[in-house]
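Notes follow the structure.
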Amino acid sequence: MRFLRFLKIFFTVVRFGLDELVLSGIQDRRVRMLMRVTTFGRKFEVARGVRLRLALESLGPIFVKFGQVLSTRRDLLPVDIANELAKLQDQVPPFDSDVAIAIVEKSLGSSIDVLFDDFERVPVASASIAQVHFAKIKTGAHAGKPVAVKVLRPNMLPVIDSDLALLRDIAYWTERLWADGKRLKPREVVAEFDKYLHDELDLMREAANGSQLRRNFAGLDLLMVPEMYWDYSAPAVLVMERMVGVPISQVEVLRAAGVDIPKLAQEGVEIFFTQVFRDGFFHADMHPGNIQVSLAEDTFGRYIALDFGIVGALSDFDKNYLAQNFLAFFKRDYHRVATLHLESGWVPPTTRVEELESAIRAVCEPYFDRALKDISLGQVLMRLFSTSRRFNVEIQPQLVLLQKTMLNVEGLGRSLDPDLDLWKTAKPYLERWMNEQVGWRGWYERLKLEAPQWSKTMPQLPRLIHQVLANQHDSSRGGNDEMMRMILLEQKRTNRLLQALLIFGLAVGAGAVLAEFWQAFAYGG
């Protein structure tokens with residue numbers, strides 16, 4: 001079976017002329033001779049990126065999804081190929097509804113008629129991993145609730161594992177034979193794809209991602225995330241609140257309904273930066289198919305997020321590093337950008353800061369004070385990655401999804417409001433975030449966070465210090481008077497430290513009380 005699959009891939013490669021694309025980078029004389037034979041008499045008028053996209057579409061949904069993931073690695077691909085791969089659509093014919101119902105019943109342990117009312121047999125959406133049916137919950141606390149039932153495609157794991165094994169083989173030989181193979185890191189890309197794909201096969205993981213995102217945006221009138229119904233969910237079935245909205249790509253429909261389009265574009269940028277810098281947890285598949293806008297009276301004009309199979313996470317270090325980089329870019333402080341790269345260890349320590357600063361300035365300076373319609377983040381990223389290769393900058397794996405999401409946000413912003421100034425929209429938010437992190441407010445918040453631990457540890461300090469000093473005294477018993485004098489001196493220093501800590505704690509407490517009082521006074525309670 002795997003051999004037949006390999007044959008199909010081989011003939012697809014020849015049919016679309018991808019062998020010429022791959023073999024042209026191999027310097028071996030015998031391979032060059034083989035290329036002349038295999039490409040004799042063939043002429044392709046279609047661009048190489050288009051041919052690659054069409055080939056992946058003909059090979060099926062797994063290869064389509066691989067192309068989508070590959071399109072995010074603009075640090076590895078030529079710009080024309082990356083742009084074509086970004087056009088890949090994940091729409092495939094639905095599977096039999098009877099099979100979907102059987103999966104639901106097996107997963108949830110009950111008949112479909114007992115679980116749901118009005119279960120729509122015709123799926124509303126179908127993709128490579130799953131398809132979605134509308135229904136209503138029949139019983140229990142959520143009786144009558146309209147829901148979306150997402151059902152995993154049957155027998156996906158063997159197909160995925162088989163295709164992944166072939167992709168690993170192709171990546172191995174690409175790295176061995178192609179001149180640029182090692183630089184492109186094909187095996188690393190396949191491993192990255194493997195992780196994302198297997199994560200998407202567990203719908204409980206997707207439900208947990210959606211639940212976290214919903215919790216993060218609770219109380220903010222920015223983003224709506226469907227509620228997950230855990231009693232009706234399993235690894236192969238996910239039941240969530242049904243959301244009603246207009247796809248973000250239907251701009252004219254939204255405008256006709258009275259939605260403030262420029263405001264919508266600005267709020268999209270704010271949602272992105274809130275997820276990345278406040279939460280360090282972001283929806284990493286924000287293409288137009290997964291983003292809608294509500295037209296309901298009570299939630300008019302709010303974003304709706306769907307499909308949480310792929311999310312990204314950033315550490316506090318990553319968030320702080322990125323925020324400082326963004327702010328330095330907005331202020332055109334290219335020296336600070338170069339210094340941050342050195343401080344983070346992303347470039348070799350022998351790199352000259354002035355040279356890196358000059359290269360970054362050449363990339364970014366042409367794009368300032370221009371509307372989104374006149375610039376492309378994709379082009380900026382491509383030039384930055386070219387500079388990165390020149391200075392041996394290490395591309396951080398945790399930032400690959402962020403890059404993909406930034407390109408999604410650019411596409412959404414461009415379709416909504418081409419005159420949006422991305423820099424001016426984002427800069428105030430980032431400055432506010434940095435003030436909260438490194439200013440007085442950020443210090444106070446961290447102090448409140450650490451206070452419970454301090455309250456537990458500080459009362460123990462005198463006893464712990466006394467034990468240490470007693471042990472020192474016992475070990476020096478019979479020693480000279482100088483040792484005893486040093487111990488007594490250390491005790492006095494410890495006492496002063498404890499007194500200072502006590503005074504500091506009282507001052508902080510008083511300051512907190514005064515701050516709360518002033519806030520209540522200033523804002524009328």
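FYI, side chains are in, hydrogens and waters are out, and symmetry mates aren't considered; it's all heavy atoms of this structure. Residues: numbered from 1 along the sequence shown.
- Listed here is the closest heavy atom pair of Ala234 and Ser107: CB-CB, 4.0 Å.
- The salt bridge (charged side-chain N to carboxylate O under 4.0 Å, His left out) pairs that include a residue from residues 106-119 are Asp117-Lys138, where partners are two or more places apart or lie in different chains.
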Could you pull out every donor-acceptor pair under 3.5 Å between side chains of residues 237-253 and any protein atom, sequence neighbours left out?
unit_1 : atom_1 : unit_2 : atom_2 : d
Glu241 : OE1    : Glu227 : N      : 3.0
Glu252 : OE2    : Arg255 : NH1    : 2.9

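- Checked by atom type and distance alone, the side chain of Glu206 pairs as donor or acceptor with a backbone atom of Phe308 at under 3.5 Å.
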Original post:
Could you walk me through whether Lys150 and Ser233 pass the side chain to side chain contact (heavy atoms under 4.5 Å, CB included) check?
Top reply: CA-CA 9 Å; Lys150 188 170 186 177; Ser233 297; over 6 Å; no
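- Note: Phe116 and Phe119 have tilted aromatic rings, judged against thresholds of 30 and 60 degrees for the angle between ring planes.
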**OP:** In sequence, state the C-alpha distance, the side-chain angles, and the governing distance for Phe300 and Val259, and then conclude on side chain to side chain contact (heavy atoms under 4.5 Å, CB included).
**Re:** CA-CA 8 Å; Phe300 186 81; Val259 175; 3.7 Å; yes
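- Counting all heavy atoms, side chain and backbone alike, Val99 lies closest to Pro154 at CG1-CG, 3.8 Å.
- Atom CD of Glu267 and atom CD1 of Ile271 lie 6.5 Å apart (nearest 0.5 Å).
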**OP:** Assess whether side chain to side chain contact (heavy atoms under 4.5 Å, CB included) is satisfied between Arg153 and Ile103, documenting all intermediate values.
**Re:** CA-CA 9 Å; Arg153 281 184 176 271; Ile103 293 173; over 6 Å; no
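- How far CD1 of Ile291 is from CG of Asp307: 9.5 Å, rounded to the nearest 0.5 Å.
- From Thr274, atom OG1 reaches atom CG of Leu220 across 7.0 Å, with rounding to the nearest 0.5 Å.
- Counting only heavy atoms from C-beta outward, the side chains of Tyr232 and Val149 never approach each other to under 4.5 Å.
- Seen from the ring of Phe217, Arg278 counts as a face-on cation partner, given the 6.0 Å and 45° thresholds.
- Within the 4.5 Å cutoff, no side-chain heavy atoms of Asp417 are placed close to those of Gln266.
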Original post:
Between Leu152 and Leu201, is a side chain to side chain contact (heavy atoms under 4.5 Å, CB included) present by the stated rule, with each step listed?
Top reply: CA-CA 7 Å; Leu152 199 67; Leu201 288 178; 4.2 Å; yes
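- A pairwise comparison of heavy atoms in Ala328 and Val337 identifies CB-CG2, 3.6 Å as the closest pair.
- A side-chain donor-acceptor contact under 3.5 Å links Asp96 to the backbone of Asp98.
- Atom CZ of Arg302 and atom CE of Met224 lie 5.5 Å apart (nearest 0.5 Å).
- By the 4.5 Å heavy-atom criterion applied to side chains, Leu52 and Glu84 are not counted as neighbours.
- Between Leu213 and Gln275 the shortest side-chain heavy-atom distance falls below 4.5 Å.
- Minimum heavy-atom separation, His133 to Ser97: CE1-OG, 3.8 Å.
- Side-chain contact between Arg168 and Asp194 is present, with at least one heavy-atom pair separated by less than 4.5 Å.
- Under the rule for a side chain to side chain contact (heavy atoms under 4.5 Å, CB included), the partners of Arg215 that lie at least two apart in sequence or sit in another chain are Ser211, Gln212.
- A donor-acceptor pair under 3.5 Å is formed between the side chain of His283 and the backbone N or O of Leu306.
- Between Pro123 and Gln131, the shortest heavy-atom contact is CG-NE2, 3.9 Å.
- Remark: Leu264 CG to Leu416 CG distance equals 5.0 Å, nearest 0.5 Å.
- Atom NE2 of His198 is separated from atom CG of Leu164 by 6.0 Å, given to the nearest 0.5 angstrom.
- For Ala313 against Phe282, the heavy-atom pair with the smallest separation is N-CE2, 4.0 Å.
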